[in-house]
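Each remark here refers to the structure printed beneath this line.
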Amino acid sequence: MIRADVLSKHYGSLVAVDGISFQVQPGEVLGFLGPNGAGKSTTMRMFAGFVPPTSGTAEVCGFSIEKQPTEAKRLIGYLPEGAPSYGEMTPRSFLNFIARIRGLSRRETAVRSEDMIERLNLAPVLDQSIETLSKGFKRRVGIAQAILHDPPVLIMDEPTDGLDPNQKHEVRQLIQSMAADKIIVISTHILEEVDAVCNRAIIISQGRIVADETPSTLINRSRFHNAVTLKLDRKTDLDDITQQLQDLNGVEHIEVSHKTCTVTAFPKSDASILKGITDLAAIKDWPIEQLKLESGRLDEVFRTITTADGAA
Amino acid sequence: MNTIKIIAARELRGYFATPLAYVFIVLFLALMGFLTFSLGGFYDRGQADLIPFFGFHPWLYLILIPAISMRLWAEERKSGSIELLMTLPVTMFEAVLGKFLAAWSFTAVALALTFPIWITVNYLGEPDNGVIFAAYIGSLLMAGAFLAIGACISAANRNQVVAFIITIVICFIFLLSGFQPVLDFFSGWAPQPMIDAIASLSFLTHFNALSKGVLDLRDIVYFLLVIGAWLYANTIILDMKKAD
């Protein structure tokens, strides 16, 4: 278990992290979300033992990161923001260095390195210096370094930044394959990623936790949750259909976009309007090109939560 | 101990992965040769010793050692790899000592490559090899002291050029405090104990004693203390500034 207890970090008068508390259990994949400068990286750095907290405590499997840093660091695999490494080294020598400093035996090193090279497709660049690698390879070398010793706690700051969609997919699969018995904390800007790999999401804004839920409940907070969007063939019927939707039972309000020729009907709380709309559409033979039941929009929830907090 | 060795080995290999190491060694040997034979008048003196050779060491180190030490921490901070290093199960002390030992071993290699001059002087005459050995030890210790100062300054600055210049200035002060013209300046008015104190702080005073062949424990301890003190300061500065 890792635990933050009223953890704070001040830089002079700037409050980067403002007394946050949370716990993560094995099996949880926690996604840290938040605007730039919200305190995500600082929080992760405090857990990794790079930045000392101003007040409060961070604990990794019972070890205080301040009082027993070496013991705690042994249990953590950490990918710093930007995946820094030693540019003049090759991925092979770099992984060897990490393995030795983490005290892996020669056999473990060979087996684990082999595994990392295969899982992260590092084979083509093994003997090339890291500074000459593409952003995607650099990032994957950083990830390999973090999970080389098979740590029970994995903290990764933007693990998929700079990867192409295929690589992103592979890294997400890698994270999920390790998720069962590990504590995994990742930070990301990509909201779909939270939905794809995390089973818990914490949104941080201005150094404070403003939401701590599963991604699906977070999505349910969206005003688009259970809304129905229709895209029509032609604009001529738009006003007429809008009017009829407005009168439908359970519909709270309607939003129309003439430009894209779409109508979105928002339900009253907990009301289900999909059936009413499809029935009506069938009877009236509306010229529907597309019909979509919205599950909710994470980016909209994110914006609402983080900007509402900013206004407060 | 093992961790220190791993860090030092990685660092040392890093020197030889870039042209820096080769450029440094070639420059060091070329300058050393030039100074000894041209300015030092190695042949003209007609004496079988290496006094003209070792006499230039402090001044050559003054320029060349900061060039090695400036990157020690400044580069780690600039590239962000310091975050990686400091989140591995490594103590600050191990990291500082490991990197310092790498730089020190590197200068030891450069110094060891001056061996032809030792052979030359033995070929030409019959020098006191004990004195030469002591002088080599003294030179290595002095290089260590320069490096420790440089490492500490490098930790305080993200910019390598700034680290280079500040290191030169501080090393210059440590050297000059034992330089005769400087001591003469004080001897006019300052009390003798103060002059002695200033002189005793100097690298020159202690190095000169060692290079005359006197392996005095006090001189050795002096250099080790200087190294220890600056490395200690290095860990403190690093602790304060690593995440800036």
Side-chain angles (χ1 to χ4, degrees), chain A residues 9 11-12 16 41-42 44-53 60 63 65-66 68-90 93-104 129-131 138 141-142 145-146 148-149 151 153 155-157, chain B residues 1-24 68 71-99 101-102 106 155 158 160 235-244:
Chain A
K9 179 69 194 177
Y11 291 105
S41 289
T42 307
M44 295 177 120
R45 282 175 165 177
M46 285 194 278
F47 266 107
F50 184 56
V51 171
V60 176
F63 295 112
I65 193 70
E66 281 198 285
Q68 297 138 295
T70 314
E71 287 83 352
K73 285 171 186 174
R74 258 187 251 284
L75 301 172
I76 302 177
Y78 177 56
L79 172 71
E81 189 178 12
S85 56
Y86 292 106
E88 80 280 358
M89 297 181 100
T90 64
S93 59
F94 180 61
L95 290 181
N96 263 327
F97 164 68
I98 298 289
R100 291 193 59 199
I101 220 158
R102 291 218 176 255
L104 267 61
S129 68
I130 294 174
E131 62 199 349
K138 277 184 189 157
V141 169
Q145 161 276 125
L148 186 65
H149 57 299
V153 179
I155 299 175
M156 298 199 277
D157 204 345
Chain B
M1 200 59 219
N2 197 29
T3 312
I4 297 172
K5 227 166 63 192
I6 297 167
I7 293 175
R10 193 215 68 77
E11 183 78 16
L12 195 57
R13 229 173 286 129
Y15 289 149
F16 290 98
T18 63
L20 178 86
Y22 303 101
V23 170
F24 178 87
I68 304 182
R71 52 179 293 286
L72 269 178
W73 291 104
E75 190 164 279
E76 292 257 0
R77 285 181 58 198
K78 198 169 171 211
S79 76
S81 56
I82 190 168
E83 185 167 356
L84 183 84
L85 183 61
M86 293 294 157
T87 51
L88 290 169
V90 167
T91 64
M92 192 71 81
F93 169 75
E94 288 169 333
V96 166
L97 198 59
K99 283 176 80 83
L101 287 178
F106 175 69
R158 195 184 290 259
Q160 296 195 14
T235 56
I236 292 174
I237 288 178
L238 214 54
D239 214 16
M240 282 177 349
K241 302 198 74 165
K242 62 186 175 186
D244 285 4

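Any value given below was found using the heavy atoms of this structure, including those in side chains, with hydrogens, waters and symmetry copies removed. Chain identifiers are assigned alphabetically (A, B, ...) following the order of the sequence lines, protein sequences preceding nucleic acid strands; residue numbering begins at 1 within each chain.
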Seminar exercise, completed: Cut-off 4.5 Å, heavy atoms of chain A, and the answer for Glu76(B) is side chain

Exercise. Is there any residue in residues 5-14 of chain B with a non-hydrogen atom under 4.5 Å from a non-hydrogen atom of chain A, and which ones are they?
Worked result: Ile6(B), Ile7(B), Arg10(B), Gly14(B)

Exercise. Ile98(A) versus chain B, heavy atoms under 4.5 Å apart: side chain, backbone, both or neither?
Worked result: side chain

Exercise. Gln145(A) versus chain B, heavy atoms under 4.5 Å apart: side chain, backbone, both or neither?
Worked result: side chain

Problem set entry | Residue pair Ala102(B) / Tyr15(B): nearest heavy atoms and the distance that separates them | O-CE1, 3.8 Å

Exercise. Around atom CZ of Arg77(B), are there more than 12 heavy atoms of other residues, nucleotides or ligands at under 6.0 Å?
Worked result: yes

Exercise. Do other residues, nucleotides or ligands put more than 12 heavy atoms under 6.0 Å from Phe16(B) CZ?
Worked result: yes

For this session: Could you tell me which of Ile101(A), Val51(A), Asn96(A) has the largest number of non-hydrogen atom pairs under 4.5 Å with chain B?
Result: Ile101(A)

Problem set entry | With Pro69(A) via side chain to side chain contact (heavy atoms under 4.5 Å, CB included) - residues at least two apart | Lys73(A)

Exercise. Are any side-chain N or O atoms of Glu83(B) and backbone N or O atoms of Gly80(B), one a donor and one an acceptor, separated by less than 3.5 Å?
Worked result: no

Problem set entry | Step-by-step side-chain contact (heavy atoms from CB on, under 4.5 Å) determination, Leu104(A) to His149(A) | CA-CA 7 Å; Leu104(A) 267 61; His149(A) 57 299; 3.7 Å; yes

Exercise. Do Phe50(A) and Tyr78(A) make the cut of ring centroids closer than 6.0 angstrom?
Worked result: no

Exercise. Between Tyr86(A) and Phe94(A), how do the two ring planes meet: parallel, tilted or perpendicular, split at 30° and 60°?
Worked result: perpendicular

